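None of these values were measured; they are calculated from a predicted model. Side-chain atoms are counted along with the backbone in the values below, which use heavy atoms only and exclude waters and symmetry mates.
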Amino acid sequence: MTDRKTELAANLAKVEERITAACVAAGRAREEVTLIVVTKTYPASDVRILSDLGVRHVAENRDQDAAPKAAACADLPLKWHFVGQLQTNKVRSVVGYADVVQSVDRSRLVTALSKEAVRAEREVGCLIQVAFDAGASGRGDRGGVAPEGIEELADLVARAPGLRLDGLMTVAPLTGEYAGREQAAFERLVVLSTDLRRAHPTATMVSAGMSADLEQAVAAGATHVRVGTAVLGVRPRLG
Ligand SMILES: *Cc1c(COP(=O)(O)O)cnc(C)c1O
């Protein structure tokens, strides 16, 4: 193995151990939690190694980086998740490779995603990104819609041609009542997911937890954790 492959294999094994231990502690089956590796800022060569090592879900947050990477890895059996704030002028590009957009947080974005999904003859999974730090605007600093806005957006996605409502996503808030209380925030997301599934029974994904708080996410009931740093290393630049 190359040095990088050895390093990524060791990191993946550690993350796998953490997820397994968190599942055991929570009385959950390991299969209930899917690992998504966030490959932002890292090269396509790392994505290829991760695929060789058995990773099946990767995530990116910037279309400029993600589009060429996804093209370079088009031969690999990967599902691509888009997890960044998404401008409508990038939607056409993102729909070209993303299987799931986890950052759906406004109706204009739903309209744009639907239009491009239909045009590309693709079905795009959508998660409503929930912001627990949303101020009076109803939007979070790092994207997301306040809990009160979920229902309307979810109904819009569910009715939109080319889109599939898959569930909810959140990033632990840095401010507001849930600052520093990751597990409480994730537990609230799971309650919101239960509410959502009354009207949308197939919207079962609950995406929460990153390198620093994946245990809290698993304990709260997340179905998907998004892990970057713990697998790939500290990012060389902000992203
Ligand atoms: C970067 C990122 C992650 C991964 O964060 P790490 O701390 O590197 O594990 C997860 N989710 C989103 C939305 C991100 O932007």
Side-chain angles (χ1 to χ4, degrees), residues 32-34 36 57 59 61 81-88 90-91 94-95 98-117 123-210 213-214 216-226:
E32 290 177 36
V33 180
T34 299
I36 302 172
H57 296 262
N61 73 336
H81 297 252
F82 192 87
V83 298
Q85 291 187 47
L86 179 52
Q87 303 306 315
T88 48
K90 305 286 192 208
V91 165
V94 168
V95 164
D99 297 286
V100 180
V101 174
Q102 298 207 358
S103 45
V104 174
D105 62 359
R106 59 199 191 282
S107 55
R108 258 182 56 122
L109 185 54
V110 176
T111 310
L113 282 165
S114 174
K115 179 173 154 229
E116 294 302 334
E123 183 176 70
V124 178
C126 293
L127 302 189
I128 309 298
Q129 182 179 345
V130 181
F132 291 113
D133 57 355
S137 67
R139 304 279 312 281
D141 283 346
R142 292 171 297 167
V145 65
E148 298 70 41
I150 296 171
E151 189 178 347
E152 186 186 344
L153 269 184
D155 290 346
L156 201 59
V157 169
R159 284 197 308 266
L163 305 184
R164 184 184 68 236
L165 181 67
D166 281 346
L168 302 179
M169 177 272 233
T170 201
V171 177
L174 300 174
T175 60
E177 59 169 318
Y178 287 106
R181 300 171 56 222
E182 292 82 7
Q183 188 159 332
F186 299 152
E187 284 168 356
R188 177 95 179 99
L189 188 72
V190 170
V191 169
L192 293 167
S193 164
T194 305
D195 292 345
L196 177 71
R197 279 180 281 125
R198 275 196 271 275
H200 303 284
T202 60
T204 54
M205 279 179 71
V206 178
S207 174
M210 317 200 294
D213 52 22
L214 72 86
Q216 286 89 337
V218 172
T223 63
H224 290 70
V225 292
R226 311 177 307 269

Looking at every non-hydrogen atom in both residues, tell me the closest pair between Ser207 and Leu127 and how far apart they are. CB-CD1, 3.7 Å
Are there over 12 heavy-atom neighbours, none belonging to Glu152, within less than 6.0 Å of that residue's CD? no
Please examine the side chains of Leu165 and Ile128, heavy atoms only from C-beta on, and report whether any two atoms are closer than 4.5 Å. yes
CG of Asp105 to CD1 of Ile150, rounded to nearest 0.5 Å, is 12.0 Å
Does Val110 reach the side chain of Leu153, with side-chain heavy atoms less than 4.5 Å apart? yes
Can you find a heavy atom in the side chain of Gln102 that is under 4.5 Å from one in the side chain of Gln129? no
Rounded distance (nearest 0.5 Å) linking atom CZ of Arg181 with atom CD of Glu187: 9.0 Å
d(Gln87 CD, Arg108 CZ) to nearest 0.5 Å is 9.0 Å
Could you tell me whether the side chain of Thr223 and the main chain of Val206 form a donor-acceptor pair under 3.5 Å? yes
Shortest non-hydrogen contact from Ala203 to Leu196? CB-CD2, 3.9 Å
How far does CE of Met169 sit from SG of Cys126, to the nearest 0.5 angstrom? 12.5 Å
With the side chain counted from C-beta on, respond yes when Leu163 and Val124 share a heavy-atom pair under 4.5 Å apart, and no when they do not. yes
Which atoms form the tightest heavy-atom contact between Leu192 and Pro147, and what is the distance? CD1-CB, 4.0 Å
Looking only at non-hydrogen atoms, find the nearest pair between Ala112 and Val91 and report the distance. O-CG1, 3.5 Å
Below 4.5 Å, heavy atoms only, C-beta onward: do Tyr178 and Asp133 meet side chain to side chain? no
Under 30°, 30 to 60°, or over 60°: which ring-plane class applies to His57 and His224, parallel, tilted or perpendicular? perpendicular
Would you say Ser103's side chain and Gly84's backbone share a donor-acceptor pair under 3.5 angstrom? yes
To the nearest 0.5 Å, what is the distance between CD (Glu32) and OG1 (Thr204)? 11.5 Å
Closest non-hydrogen atom pair, His200 against Asp155: NE2-OD1, 2.9 Å
Other residues, nucleotides and ligands only: do more than 12 of their heavy atoms fall within 6.0 Å of CD on Gln183? yes
Non-hydrogen side-chain atoms of Arg188 and Val191 separated by less than 4.5 Å: yes
Once you round to the nearest 0.5 Å, how far does OG1 of Thr88 lie from CZ of Arg106? 6.5 Å
Between Thr111 and Lys115, does a side-chain contact (heavy atoms from CB on, under 4.5 Å) hold up when you go through it step by step? CA-CA 6 Å; Thr111 310; Lys115 179 173 154 229; 5.8 Å; no
Which atoms form the tightest heavy-atom contact between Ala217 and Ala208, and what is the distance? CB-O, 3.2 Å
Given the options Val101, Asn61, Val104, Leu86 meets side chain to side chain contact (heavy atoms under 4.5 Å, CB included) only with Val101
